[in-house]
**Student:** 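Submitted below is the structure of interest, expressed as structure tokens.
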Amino acid sequence: MKIAILPGDGIGTEIVAQAVRVLDVLDLKFETETALVGGAAYEAHGHPLPESTLALAKAADAILFGAVGDWKYDKLERALRPEQAILGLRKHLGLFANFRPALCYEQLTHASSLKPELVSGLDILIIRELTGDIYFGQPRGRRTAVDGHFPGAEEAFDTMRYSRPEIERIAHVAFQAARKRGKKVTSVDKANVLETFQFWKDVVTEVHAQYPDVALEHMYVDNAAMQLVRAPKKFDVVVTGNMFGDILSDEAAMLTGSIGMLPSASLDKNNKGLYEPSHGSAPDIAGRDLANPLATILSAAMMLRFSLNLPESADRIESAVRAVLSAGLRTADIWSEGTKKVGTREMGDAVVASLRGKTITPITTKT
Ligand code: NAD
């Protein structure tokens, strides 16, 4: 088995380094190969997703990805911007199903922006369709308006679209995931305004007929955004389109204390996947040993479980993360009084030590 390691930009290199150390401790039998992606690849090869990186990603059994992007590339033409690398990988590898678990660790209920009783025990799975919707729909561009409120004015436009097979396959993924959890799917749409999402709702309802053991509810995206901060524990599996999923999954991330805690998996139809933290390259803290590496370490655990069929090794990583949190170690984004603030590297050291069987001495005295 082969894992492609694509650290990317900003904190990507720092957090992926810690995840690789964690994988190394497990002494598993796979090869790894590292390649440039994003801004780093643009600097070296003039393109954010060079042919060689794409070829490696295609050949590998799984991909561990850091993050891409930096504000300094904002003036580049869109096709050359770092973020195009992740869009290109999703498209070329057919990674249509994005899993973003939002799990609130008991030790971190106080780091959430919501009251502890609202998030304690929170365990939501957001499944976002990843290769369709307005992010990929054509045509798109700028032109002179021929109608609308200001004919003759310069305007920009995008196209929102979903085909039946695209909706069917993500709906199947959601119902099957719900079967292994709380047996409830909330399909989020905007069917009251958008034709695309009336169609989405109709097709999800049709697919649901094959899953009578799973409950289905439909919810408009504006209400879903509200319910996520009002009563998030009422959700089990949330399935939605690319754009709504992008926004709602970041909102859900904050419920758990920090986006630095949230892993994600993007899978193709054969469960080959790209695994990355839910956050970006955080240029504001890059290179300062401040980033939380746990989302990336937990993404590596998801990779072992989903793509490499090593669930016991995944469990070991997740237990090690729980152990370091229980011992009171915190990076700055999840720090609270009475816990010990550590940097990226020290957090990685602690997870590695826990995996090696060392007891992490609890240092927390207050909660
Ligand atoms: P971001 O997720 O990088 O950062 C948002 C905030 O969260 C920042 O304050 C950052 O410091 C903090 N943060 C993020 N990850 C953290 C971690 N592990 N530990 C501690 N704090 C963390 O989002 P942004 O600032 O909007 O975007 C920065 C760059 O990342 C942009 O170029 C954007 O396009 C890119 N981006 C890339 C991806 C990806 O590679 N998949 C995803 C989102 C954004």
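Read the numbers this way: they start at 1 and go in the same order the structure lists the ligands and their atoms.
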**Student:** Could you tell me whether I259 approaches ligand 1 through its side chain, its backbone, both or neither, with non-hydrogen atoms closer than 4.0 Å?
**Tutor:**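 I259 to ligand 1: side-chain contact only, backbone stays beyond 4.0 Å.
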**Student:** What protein heavy atom lies closest to atom 19 (N) of ligand 1? Include the residue and the distance to one decimal.
**Tutor:** N292 N, 2.9 Å
**Student:** Name the closest protein heavy atom to atom 21 (N) of ligand 1, giving the residue it belongs to and the distance to 0.1 Å.
**Tutor:**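 Ranked first by proximity to atom 21 (N) of ligand 1 is I285 CD1, 3.6 Å.
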**Student:** Check whether any protein heavy atom sits under 4.0 Å from atom 17 (C) of ligand 1.
**Tutor:** yes
**Student:** Can you confirm whether something in the protein, heavy atoms only, sits under 4.0 Å from atom 40 (O) of ligand 1?
**Tutor:** yes
**Student:** In terms of residue, atom name and distance, what is the protein heavy atom nearest to atom 37 (C) of ligand 1?
**Tutor:**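 Nearest neighbour among protein heavy atoms for atom 37 (C) of ligand 1, to 0.1 Å: V68 O, 3.0 Å.
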**Student:** Would you tell me whether D9 and Y73 have side-chain atoms, one donor and one acceptor, within less than 3.5 Å of each other?
**Tutor:** no
**Student:** Give a yes or no on whether a salt bridge exists between R164 and E206, defined as a side-chain N under 4.0 angstrom from a carboxylate O.
**Tutor:**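 So R164 pairs with E206 through a salt bridge.
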**Student:** Please could you name the atoms of ligand 1 that G260 approaches to less than 4.0 Å, counting only its heavy atoms?
**Tutor:**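 This gives 17 (C), 18 (N) as the contact atoms.
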**Student:** What residue and heavy atom of the protein are closest to atom 29 (C) of ligand 1, and at what distance?
**Tutor:** S281 OG, 3.3 Å
**Student:** Any protein heavy atom lying closer than 4.0 Å to atom 5 (C) of ligand 1?
**Tutor:**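 Protein heavy atom within 4.0 Å of atom 5 (C) of ligand 1: absent.
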**Student:** Do D158 and R140 sit within salt-bridge range, that is, some charged N less than 4.0 Å from a carboxylate O?
**Tutor:** yes
**Student:** Do me a favour and list the nearest non-hydrogen protein atom to atom 8 (C) of ligand 1 with residue, atom name and distance?
**Tutor:**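 Answer for atom 8 (C) of ligand 1: D284 OD2, 3.5 Å.
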**Student:** Compare G280, G69, P283, S264 and give the one whose heavy atom is closest to atom 28 (C) of ligand 1.
**Tutor:** P283
**Student:** What residue and heavy atom of the protein are closest to atom 3 (O) of ligand 1, and at what distance?
**Tutor:**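 Answer for atom 3 (O) of ligand 1: A282 N, 2.8 Å.
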**Student:** Answer with yes or no whether A295 contacts ligand 1, where contact means a heavy atom under 4.0 Å from a ligand atom.
**Tutor:**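 No, A295 has no heavy atoms under 4.0 Å from ligand 1.
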**Student:** Of all the atoms in ligand 1, which lie at a distance below 4.0 Å from a heavy atom belonging to D70?
**Tutor:**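 Ligand 1 atoms under the 4.0 Å threshold to D70: 32 (O).
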**Student:** Which bit of H279 gets closer than 4.0 Å to ligand 1, counting heavy atoms only: side chain, backbone, both or neither?
**Tutor:**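 Both backbone and side chain.
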**Student:** Determine if the distance from atom 24 (P) of ligand 1 to the closest protein heavy atom is below 4.0 Å.
**Tutor:** no
**Student:** Going by the order shown, which atoms of ligand 1 are within less than 4.0 Å of some heavy atom of A291?
**Tutor:**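 Near A291, the atoms of ligand 1 are 19 (N).
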**Student:** Considering the heavy atoms of E83, write down every atom of ligand 1 situated less than 4.0 Å from one of them.
**Tutor:**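 Close to E83: 31 (C), 32 (O), 33 (C), 34 (O), 35 (C).
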**Student:** List every atom of ligand 1 that sits less than 4.0 Å from any heavy atom of A67, numbering the atoms from 1 in the order shown and giving each element.
**Tutor:** 40 (O)
